[in-house]
Amino acid sequence: MTRPNPSAVYDRYVSRIADQTAQLVSALDGADAAAPVPGCPGWTLAHLLRHVGGTHSWAETIVRTRATGPVPDDQVNEVTPDADDDIATLTAWLTKSTARFVDTLRDAGPDARVWTPAPGGTPLFWARRMTYETVVHRFDATAAVGGAYTLGADVALDGLDEWLEFSVLPQAYESEAAHGALLGPGRTLHFHATDATDAAGVSGGPGPSSGEWFIDLTEAPISVSHTHKKAATAVRGPLTDLLLLLYQRRAATLADGIEVLGDKELLTTWMNAAGHWLRR
């Protein structure tokens with residue numbers, strides 16, 4: 001399978017950030033800023049919009065300044081709404097924040113050297129990470145207003161790849177102990193996307209992909225491979241539902257489109273531990 005051209009991959013991510021943000025904004029036309037967000041307990045749409053816009057602004061600062069180390073992320077986490085927050089004002093601000101970020105990414109190109117919290121060290125990391133930050137929060141916004149959410153199979157496939165790539169990194173876990181506690185004999189999982197046939201190989205990600213993943217937790221280092229192999233836990237479902245499951249927006253039940261065979265407790269334990277960094 002041919003590896004995609006890095007510049008084309010980068011451009012695709014940058015365009016997806018703009019497109020996913022535009023879809024998020026469109027979904028909230030006429031919404032109430034105080035509406036609760038089911039996927040983010042304790043948050044309203046005002047919190048959510050401040051977070052997404054703040055995250056885009058944070059990443060934009062890192063890329064624009066060619067940061068060589070961590071940049072304060074107060075704007076990502078301090079999202080308490082103002083008393084007069086309304087959807088029109090917040091979505092207009094988000095649109096401007098995203099446009100500035102997209103312009104900065106295009107100016108920088110995929111190969112500039114910048115700080116990243118995981119392997120990468122270039123704007124390509126941020127373009128991909130912010131794509132899926134926006135994809136998931138678009139789901140949150142859509143769910144908050146009772147709208148219909150759809151996601152391209154190729155986007156969901158690459159989003160699953162990205163989450164699983166993070167899941168092997170020790171720094172993605174809350175602590176060294178939390179990472180080590182996952183390891184043990186026979187601790188394996190197999191994911192199978194039931195609708196991946198048309199998406200495999202065209203996900204637009206940085207490398208070849210498929211609709212199957214084997215996660216090996218038997219020893220360090222944890223590994224993920226695109227392999228069909230018997231595992232202690234088998235998980236099946238459509239690509240988008242599997243992605244939302246990993247981000248804990250779906251439950252591991254048939255009602256949510258997910259079939260789990262084998263050790264269900266292992267699935268829950270692994271998702272909670274491996275998803276720590278992406279939930280912060």
Side-chain angles (χ1 to χ4, degrees), residues 1-26 51-67 71 73 76 94-141 149-167 169 172 193 196 198-210 224 239-240 242-244 246-247 277-278:
M1 192 178 296
T2 303
R3 185 172 292 272
N5 178 279
S7 293
V9 170
Y10 182 73
D11 290 344
R12 194 172 294 123
Y13 284 135
V14 175
S15 295
R16 282 177 180 170
I17 292 169
D19 175 64
Q20 291 293 318
T21 302
Q23 290 188 60
L24 189 163
V25 167
S26 177
H51 171 73
V52 178
T55 303
H56 288 182
S57 294
W58 175 63
E60 190 274 337
T61 298
I62 292 168
V63 176
R64 174 173 43 81
T65 64
R66 304 295 191 268
V71 170
D73 61 356
V76 175
L94 171 59
T95 298
K96 289 180 180 178
S97 298
T98 303
R100 185 167 56 249
F101 181 36
V102 165
D103 287 345
T104 294
L105 288 171
R106 287 179 172 148
D107 288 343
D111 300 322
R113 301 307 302 174
V114 298
W115 170 78
T116 57
T122 71
L124 177 59
F125 171 93
W126 291 110
R128 191 184 195 197
R129 176 81 291 277
M130 290 301 108
T131 291
Y132 297 107
E133 180 79 7
T134 312
V135 160
V136 172
H137 286 316
R138 179 170 73 83
F139 170 80
D140 291 329
Y149 180 83
T150 59
L151 184 66
D154 55 337
V155 182
L157 178 63
D158 184 56
L160 282 158
D161 273 337
E162 193 224 20
W163 195 102
L164 291 166
E165 288 165 16
F166 279 123
S167 78
L169 302 175
D198 294 335
V202 294
S203 68
S209 190
S210 74
V224 175
L239 285 159
T240 297
L242 290 177
L243 180 65
L244 294 173
L246 292 182
Y247 280 96
W277 186 78
L278 290 178

Legend entry - Rounded distance (nearest 0.5 Å) linking atom OG1 of Thr131 with atom CD1 of Ile17: 4.0 Å

Inset, instruction - Would you tell me whether His56 and Ser97 have side-chain atoms, one donor and one acceptor, within less than 3.5 Å of each other? - result: no

Legend entry - Close side-chain approach of Leu105 and Tyr13, heavy atoms under 4.5 Å: no

Legend entry - Close side-chain approach of Phe139 and Tyr247, heavy atoms under 4.5 Å: no

Legend entry - Aromatic ring proximity, centroids under 6.0 angstrom, Trp277 and Trp163: no

Legend entry - Separation of Asp73 CG from Ser57 OG (nearest 0.5 Å): 12.5 Å

Inset, instruction - For residues Leu24 and Leu94, determine if any side-chain heavy atom of one lies less than 4.5 Å from a side-chain heavy atom of the other. - result: yes

Inset, instruction - Examine distances only and state if a side-chain atom of Asn5 and a backbone atom of Ala8 form a donor-acceptor pair shorter than 3.5 Å. - result: yes

Legend entry - Lys/Arg-Asp/Glu bridge criterion (N-O < 4.0 Å) met for Asp154, Arg16: yes

Inset, instruction - Give a yes or no answer on whether the side chain of Thr122 reaches the backbone of Pro110 with a donor-acceptor pair at less than 3.5 Å. - result: yes

Inset, instruction - Could you tell me which non-hydrogen atom of Leu243 sits nearest to which non-hydrogen atom of Leu151, and how far apart they are? - result: CD2-CD2, 3.9 Å

Legend entry - Nearest atoms (heavy-atom pairs only) where Ala196 meets Leu239: CA-CD1, 3.9 Å

Legend entry - Nearest atoms (heavy-atom pairs only) where Tyr10 meets Gly109: OH-O, 3.4 Å

Legend entry - Sidechain N-carboxylate O distance under 4.0 Å for Arg128, Asp158: yes

Legend entry - Glu162/Arg129 salt bridge by N-O under 4.0 Å criterion: yes

Legend entry - Inter-residue atom distance Thr98.OG1 - Asp19.CG, 0.5 Å rounding: 11.5 Å

Inset, instruction - Compute whether any side-chain donor of one residue and acceptor of the other, for Glu133 and His137, lie under 3.5 angstrom apart. - result: yes

Legend entry - Nearest-0.5 Å distance that lies between atom CG in Leu164 and atom CG in Leu246: 6.0 Å

Legend entry - Distance (rounded to the nearest 0.5 Å) between Arg64 CZ and Thr104 OG1: 6.0 Å

Inset, instruction - Kindly indicate whether the side chain of Phe125, heavy atoms from C-beta on, has any atom under 4.5 Å from the side chain of Pro119. - result: no

Inset, instruction - State, yes or no, whether a side-chain contact exists between Val135 and Val155 at a heavy-atom distance under 4.5 Å. - result: yes

Legend entry - Side chains of Val114 and Pro123 in contact at under 4.5 Å (non-hydrogen atoms): yes

Inset, instruction - Could you grab the distance from atom CG of Asp161 to atom OG of Ser210, nearest 0.5 Å is fine? - result: 7.5 Å

Inset, instruction - Not counting sequence neighbours, which residues clear side chain to side chain donor-acceptor pair (under 3.5 Å) with Asp103? List them please. - result: none

Inset, instruction - Using the salt bridge (Lys or Arg N to Asp or Glu O under 4.0 Å) rule, collect all pairs that involve residues 112-123, keeping only residues at least two apart or in two chains. - result: none

Inset, instruction - Considering non-hydrogen atoms only, spot the tightest contact between Trp126 and Trp115 and give its length. - result: NE1-O, 3.0 Å

Inset, instruction - Would you check if Val224 and Ser167 make a side-chain contact, meaning some heavy-atom pair closer than 4.5 Å? - result: yes

Legend entry - Min side-chain heavy-atom separation Arg138-Ser26 under 4.5 Å: no

